[in-house]
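All remarks here apply to the structure that follows.
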Amino acid sequence: STIVSVIDPEVKDGTKLSKIIRVQPSEATSSMYTEMTKAKGDMFELNNFNPQEILQMGDFFGKLFAIQCKSLLEEPGLVEELKNEKFDVFFNEHFDMCGVGLTHLIKPRSLISVAASTAFGPQLEEFGIPAALSYDPSLYVSKMNVHSMWDRIVNIYGDFVVRLMFQFNENSCSSTVQGKIWLGLPYHGANLIEFCLCLH
């Protein structure tokens, strides 16, 4: 079974070889996404190092993911249906914390967290990968001279803005899951029975 929580209906997910459960965007999700995407941005002009743009994008995506996470958790009968399946393994795109929270409800034997990109920012600690910022370029740095102190400083700043942006998503989804289903749950990685990482 594949759960597809839809935010943008125009984006095709490519899922074909499994039973597909699509959770359509809520009215609030559609309204927020439509409002934000009225103005088309130019990816070549976007400055990922501008903290103001990072804060705006992080706040938007954090709220958007939290709203759709709430919609997924409130989908009638979904949690019970998944729990009754008694899955051995749950695969989750690690970018979306809502799926990680969902594992606490349906209780699969194992969680395999997958990333469709390279691991970045807070994912490094969550996956147990050392963040070697003195020589390993961060997500927003395309190249660096490891012998240049300036390049190292830029790389550290690049890692900071990545963490700043994606922290909104993690915090908002974690709060949504905790507030909707249970209170006082420790950080999502603490209670997993068995955790595995796949990067592709």
Side-chain angles (χ1 to χ4, degrees), residues 5-8 10-14 29 32-69 91-101 103 111-178 186-190 192 195-200:
S5 187
V6 180
I7 289 179
D8 184 355
E10 294 183 5
V11 176
K12 305 302 179 186
D13 55 79
T29 301
M32 187 176 183
Y33 189 77
T34 300
E35 184 64 30
M36 181 64 179
T37 54
K38 276 182 181 176
K40 301 300 180 185
D42 187 336
M43 292 299 293
F44 295 101
E45 292 183 358
L46 178 66
N47 183 0
N48 287 329
F49 281 69
N50 182 337
Q52 182 178 0
E53 291 184 10
I54 290 297
L55 287 170
Q56 289 175 340
M57 289 175 61
D59 182 59
F60 165 70
F61 282 111
K63 290 175 180 175
L64 186 69
F65 272 68
I67 290 170
Q68 187 58 22
C69 181
F91 292 87
N92 182 69
E93 165 57 59
H94 199 79
F95 182 81
D96 186 358
M97 293 294 101
C98 192
V100 179
T103 62
L111 165 66
I112 296 182
S113 193
V114 298
S117 66
T118 57
F120 57 84
Q123 289 183 348
L124 296 171
E125 287 81 24
E126 293 162 5
F127 292 159
I129 301 172
L133 296 177
S134 62
Y135 60 85
D136 190 11
S138 64
L139 183 67
Y140 288 164
V141 174
S142 58
K143 62 180 180 178
M144 65 177 291
N145 177 3
V146 296
H147 303 293
S148 166
M149 187 59 69
W150 175 249
D151 280 11
R152 290 185 180 195
I153 292 170
V154 170
N155 195 46
I156 290 170
Y157 178 72
D159 182 70
F160 166 74
V161 292
V162 168
R163 291 171 182 271
L164 180 65
M165 178 176 174
F166 290 100
Q167 197 63 38
F168 284 93
N169 179 25
E170 184 164 321
N171 288 347
S172 60
C173 280
S174 295
S175 297
T176 298
V177 173
Q178 290 181 18
Y187 176 69
H188 65 258
L192 298 178
F195 178 82
C196 177
L197 162 68
C198 289
L199 292 174
H200 56 85

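Quick caveat: nothing in here was measured; it's all calculated off a predicted structure.
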Revision key, fill the gap. Smallest heavy-atom separation, M165 atom then F61 atom, equals CE-CD1, 4.2 Å
Check your understanding: Which of these passes side-chain contact (heavy atoms from CB on, under 4.5 Å) with D59: Q56, K63, M57?
Key -> K63
Check your understanding: Would you call the rings of F160 and Y157 parallel, tilted or perpendicular, where under 30° means parallel and over 60° means perpendicular?
Key -> tilted
Point to revise | F65/I7 under side-chain contact (heavy atoms from CB on, under 4.5 Å): CA gap, chis, key distance, verdict | key: CA-CA 8 Å; F65 272 68; I7 289 179; 4.2 Å; yes
Exercise for review: Output, in order, the C-alpha distance, side-chain angles, deciding distance and verdict of side-chain contact (heavy atoms from CB on, under 4.5 Å) for Y33 and Q68.
Suggested key: CA-CA 11 Å; Y33 189 77; Q68 187 58 22; over 6 Å; no
Review point. Do T29 and L64 pass the side-chain contact (heavy atoms from CB on, under 4.5 Å) test, and can you show the C-alpha distance, the side-chain angles, and the key distance before you say yes or no?
Key: CA-CA 6 Å; T29 301; L64 186 69; 3.9 Å; yes
Point to revise | Approximate separation, where rounding is to 0.5 Å, of D159 CG and Y140 OH | key: 11.0 Å
Review point. What heavy-atom pair brings M32 and I67 nearest, and what distance separates the two atoms?
Key: SD-CD1, 3.6 Å
Point to revise | Worked verdict on I54 versus F168 for side-chain contact (heavy atoms from CB on, under 4.5 Å) | key: CA-CA 10 Å; I54 290 297; F168 284 93; over 6 Å; no
Point to revise | From H147 atom NE2 to S134 atom OG, the distance as rounded to the nearest 0.5 Å | key: 11.0 Å
Practice item. Return the minimal non-hydrogen interatomic distance between S138 and N155, and the atom names on each side. Key: N-OD1, 2.8 Å
Check your understanding: Ignoring hydrogens and geometry, is there a side-chain-to-backbone donor-acceptor pair from R152 to L133 under 3.5 Å?
Key -> no
Point to revise | Exceeds 12 heavy-atom contacts within 6.0 angstrom, atom CZ of F49 | key: yes
